[in-house]
Amino acid sequence: MGRISQRWGWVWVVSTYPWMSTSAIAENICGSDPVIGKAVLGSFNLSFPGLEKVDTAVNVGDLDTACDELVEYYQTSTSGSWMRWTPPPNFPWNSTRRVGGQTDQILDDVYFLKGVKCTDKIPRNPDGGLDWTFKGPHQDVEFMNCLNRHDQWSDLVAAWKVTGNEVYAQHYSDLVADWVTHLPCRAGVSRADWNTSGRFDQPCATGPMESPWRVLEAGIRTVGPWAPCFYGSLASPSVTTSTRVLMLLGLSEHVAVIAGPGRDAKTPNWQMTQWAGLITTCVAFPELLNATEYLHTAFDVLYGLLQDQVYPDGMETELAFGYDMATADDFFKAMQLLNRTTSMQAPAAYRNRVEKMFEYGVYISDQRGYSPRSGDADLSRGGWSGSAHQYFGRDDWLYVRTNGKNGTKPTGVSPSVAFPWGGQVALKSSYAMDGLWAWFDFGKAYGSSGHAHRAKLSLTLRAHASMLLVDSGRFAYQGNDLAVTLNREYERETHAHNTLTIDCKEQSATPAVTTTPVAETEWAFLKDSDYVRGSWSSWDGLEGSATHRRAVYMPREGGWLAVIDQVLSPSTDRAVQATWHAHPNSSVVLTPDSLTTTVIGVDIDDTSRRTSATCSVIPATGAAAASFATARVVRGVEKNATLNATWQGWYSQTYIGACPASTVVYDGVIPAANGANDGRASGSFTFGWLITTSDGTTKEADTAASMKITNANSSAVEAVVTVNGAAQTLYLPLDQPASAVRSYPVASGPNSNF
């Protein structure tokens with residue numbers, strides 16, 4: 001059967017309607033507005049089995065009947081079978097029960113948008129419809145973008161299923177009609193000839209880059225709420241034929257936008273989401289015109305993105321945890337959907353790479369399931385997916401998730417894990433919920449988008465269910481608040497993280513990706529201890545060359561870390577600054593004489609509550625140790641060119657947050673090579689830190705703990721660590737394989753390498 005536009009001669013025009021509830025729109029909009037009716041029916045392959053009655057009505061020009069038959073087809077077909085919902089025999093039809101909370105607020109146009117962690121009342125336009133381009137209380141386009149992701153549609157349909165109260169289904173129906181009739185996009189009823197490619201380089205009806213029709217939002221809607229809401233509400237009498245066909249029209253517009261010319265998104269996670277959305281739509285609605293061809297195209301592109309934008313260890317190249325796992329979910333859903341088709345299946349290599357993505361999420365998270373705040377990431381438990389665990393059958397994931405209560409213990413003598421392509425390590429004292437967890441970035445690349453941070457060799461620390469040393473967060477992408485300024489001028493900078501800057505220069509944001517992993521010789525996870533090291537040599541605007549090397553040693557027991565920072569710069573004096581960041585609700589005390597910092601942690605489940613857990617950051621001493629001249633605690637410092645001050649001491653736990661937070665800043669100067677025998681001859685200066693932890697109840701903080709660096713050069717460091725009255729010598733190789741690390745009694749004398 002030919003395209004509908006070849007049967008009838010018409011010119012389509014923009015068709016928008018004053019807002020009204022669907023009860024005020026004709027039960028079947030197709031006949032009352034032929035522009036809409038023809039657009040809907042022109043979106044389908046009328047030769048698809050089961051659409052014979054629709055095709056017959058189209059042939060005689062009966063648009064009302066054609067759309068009635070189309071809706072009846074979806075009531076009885078098997079399309080979207082996994083999303084369909086049949087009311088149980090005891091379903092409380094026409095109940096007046098309410099669910100309350102945020103869902104009931106939607107009925108009053110009050111929306112909580114989880115993507116921006118913000119609640120506001122959405123204004124209505126003069127015609128009564130919602131202002132879908134409203135930017136919220138902070139004038140943030142991300143608020144608008146999240147509003148157009150339509151999570152609330154799912155909430156309303158779910159509330160109807162639970163209560164039987166048609167008020168929820170009716171409001172959902174009204175929102176669908178409002179959105180589709182007011183926001184036609186560039187390839188829909190706003191343009192003549194539905195089936196001909198238009199100028200996709202031109203902006204959509206609502207604006208170009210930031211708009212309800214950017215491909216990220218189109219992908220999120222189609223991979224997310226649209227299809228489940230359509231199929232999940234088929235039994236509701238409040239959702240009219242008009243609403244159903246308008247939603248089908250909207251879905252066909254999504255297909256045209258995602259698959260049309262000019263479709264290429266500018267960031268990897270956008271691309272992954274848009275193509276996963278197209279796969280979802282084509283599998284859930286195979287009757288749409290060219291659905292099979294689009295399905296093959298979408299999977300080819302998505303598979304290419306999986307190979308190009310996801311490292312073999314499962315980390316997405318943007319190196320931002322929230323985006324890592326969001327894209328993992330997109331890839332996973334696409335694979336599940338392909339399993340429902342007979343025309344194609346995902347190959348084993350696709351499946352294996354997706355499995356690696358979820359493996360990363362499970363293993364990199366701390367013992368309470370909280371993920372690292374790497375790159376743009378909020379504090380969350382985003383690393384676990386119950387459906388992915390069930391699909392892949394990984395009982396080792398369950399063991400990690402349940403702290404060893406269920407599942408199968410992972411192989412290996414250490415609970416710690418390294419991801420050498422993305423360049424992250426999670427050091428874990430055990431799988432127990434109160435265990436120590438230290439996240440370390442030893443990667444070789446910055447990240448493939450602006451969601452990454454210049455945080456190489458940064459270290460964050462949690463222990464005893466408490467946050468101790470933290471990442472500063474992501475603040476806000478758009479708007480008019482302080483959080484936006486901090487996002488652009490602070491959060492991505494090196495001094496916003498627990499690492500070093502050299503001559504006040506930030507790490508370079510290059511290379512974007514790596515073509516080789518960190519060598520396996522750079523870490524050693526042993527029965528009684530773990531050891532890892534990394535280096536970074538690229539700095540923006542630095543005169544000459546300088547390398548920062550950091551090594552981290554953690555014994556399995558004892559609750560402490562030894563951190564070595566070595567700066568290699570033989571030709572000139574260097575100013576070195578180290579920063580350690582704490583949560584805004586933590587207490588931070590700096591002891592002037594020893595420059596020891598003590599941090600009292602906050603409950604990771606309720607960060608408003610301070611705990612008794614502590615960590616002490618103790619600068620190393622000793623004949624071979626370089627020392628910091630000064631240390632100070634700063635909090636909420638604002639940028640001031642006159643005072644030569646830069647942003648420092650800020651924290652964002654979730655999007656839009658911006659709180660002053662105590663940060664300890666250590667400053668020192670290292671001279672150029674001077675012929676000494678402790679490493680300075682080659683221009684290597686070694687700093688060290690002993691970081692001890694205590695739960696504050698069963699074990700008090702060890703105020704006598706210390707680390708003395710007795711020997712150091714560019715090949716290795718030897719240090720004596722004393723914790724709880726027991727001393728031991730550490731030999732920490734920097735050039736030899738990490739497995740050469742040693743711990744031995746002080747009485748044994750120095751290592752023969754020195």
Side-chain angles (χ1 to χ4, degrees), residues 1 3-4 27-31 36-60 62-88 91 153-154 157 160-161 169 172-173 176 180 194 221-255 277-296 298 333-334 336-345:
M1 188 63 63
R3 298 182 307 189
I4 227 174
E27 172 68 24
N28 187 334
I29 198 173
C30 295
I36 293 289
K38 292 176 181 179
V40 171
L41 297 165
S43 306
F44 284 86
N45 171 17
L46 298 183
S47 298
F48 195 89
L51 295 182
E52 293 82 5
K53 292 181 179 179
V54 180
D55 188 41
T56 298
V58 166
N59 281 323
V60 299
D62 188 348
L63 298 181
D64 266 340
T65 299
C67 286
D68 281 337
E69 293 292 352
L70 181 62
V71 170
E72 179 62 24
Y73 164 83
Y74 277 107
Q75 290 284 1
T76 58
S77 75
T78 59
S79 295
S81 58
W82 63 98
M83 301 179 187
R84 291 174 178 266
W85 182 78
T86 301
F91 185 67
W153 295 12
S154 297
V157 172
W160 168 72
K161 291 179 181 178
Y172 155 73
S173 183
V176 172
V180 175
W194 166 248
R221 288 191 294 267
T222 48
V223 83
W226 271 53
C229 284
F230 178 87
Y231 285 113
S233 64
L234 282 172
S236 171
S238 298
V239 184
T240 65
T241 294
S242 290
T243 293
R244 301 192 203 284
V245 298
L246 285 170
M247 197 168 199
L248 291 168
L249 173 61
L251 283 162
S252 64
E253 286 200 282
H254 281 78
V255 170
L278 184 57
I279 288 174
T280 302
T281 304
C282 292
V283 174
F285 299 92
E287 306 85 0
L288 288 171
L289 204 62
N290 301 319
T292 300
E293 292 83 351
Y294 283 139
L295 176 61
H296 284 269
K333 287 179 178 177
Q336 287 182 303
L337 287 167
L338 288 178
N339 290 340
R340 300 182 183 278
T341 73
T342 57
S343 61
M344 60 188 303
Q345 296 286 303

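Residue indices begin at 1 and follow the sequence shown.
Residues Thr281 and Arg221 bring no donor and acceptor atom of their side chains to less than 3.5 Å of each other.
The aromatic rings of Tyr172 and Trp153 lie perpendicular to each other, with more than 60° between the two planes, well past the 30° mark.
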Please evaluate residues Leu51 and Leu70 with respect to the criterion side chain to side chain contact (heavy atoms under 4.5 Å, CB included), reporting the C-alpha separation (whole Å), side-chain torsions for both, the decisive distance (0.1 Å), and the verdict. CA-CA 7 Å; Leu51 295 182; Leu70 181 62; 4.0 Å; yes

Tyr73 and Phe44: side chain to side chain contact (heavy atoms under 4.5 Å, CB included), yes or no, with the steps? CA-CA 13 Å; Tyr73 164 83; Phe44 284 86; over 6 Å; no

Steps toward side chain to side chain contact (heavy atoms under 4.5 Å, CB included) verdict (Trp226, His254): CA-CA 11 Å; Trp226 271 53; His254 281 78; 3.8 Å; yes

Would you please test Phe230 and Val176 for side chain to side chain contact (heavy atoms under 4.5 Å, CB included) and show each step? CA-CA 10 Å; Phe230 178 87; Val176 172; over 6 Å; no

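Among all heavy-atom pairs drawn from Val157 and Cys229, the shortest one is CG2-SG, 3.9 Å. The two residues Val40 and Val245 come nearest to each other via the heavy atoms CG2-O, 3.6 Å. Among all heavy-atom pairs drawn from Met83 and Pro228, the shortest one is SD-N, 3.6 Å. Nearest heavy atom pair, residue Gly250 against residue Val180, reads N-CG1, 4.4 Å. For the pair Ser252 and Leu288, the tightest heavy-atom approach, listed with the atom from each and the gap, is CB-CD2, 4.1 Å.
Taking CD of Glu72 as the reference point, atom OG1 of Thr65 lies at 12.5 Å (rounded to 0.5 Å). Distance OG/Ser173 to CG/Leu246: 9.0 Å, rounded to 0.5 Å.
Of the residues listed (Leu41, Ile29, Asp68), the one engaging Leu63 in a side-chain contact (heavy atoms from CB on, under 4.5 Å) is Leu41, and it is the only one.
No donor-acceptor pair closer than 3.5 Å links the side chain of Glu69 to the backbone N or O of Cys67. A donor-acceptor contact shorter than 3.5 Å links the side chain of Gln345 to the backbone of Thr341. With hydrogens and angles ignored, the 3.5 Å screen pairs a side-chain donor or acceptor of Thr56 with a backbone N or O of Glu52. Checking side-chain atoms of Asn28 against main-chain N and O of Asp64 turns up a donor-acceptor pair under 3.5 Å. Between the side chain of Gln75 and the backbone N or O of Leu234, at least one donor-acceptor pair lies under 3.5 Å.
Looking at heavy atoms from C-beta onward, Val255 lies in side-chain contact with Leu278 at the 4.5 angstrom threshold. Proximity of Lys161 to Ser236: side-chain heavy atoms (C-beta onward) are nowhere separated by under 4.5 Å. Here the side chains of Arg244 and Ser233 are in contact, with some heavy-atom distance below 4.5 Å. Using a 4.5 Å heavy-atom threshold, the side chains of Val283 and Leu295 count as touching. A heavy-atom distance below 4.5 Å is found between the side chains of Ser79 and Tyr231. Val223 has its side chain out of reach of Ile279: every pair of non-hydrogen atoms, C-beta onward, lies at least 4.5 Å apart.
Within a 6.0 Å sphere centred on NZ of Lys53, other residues, nucleotides and ligands contribute 12 heavy atoms or fewer.
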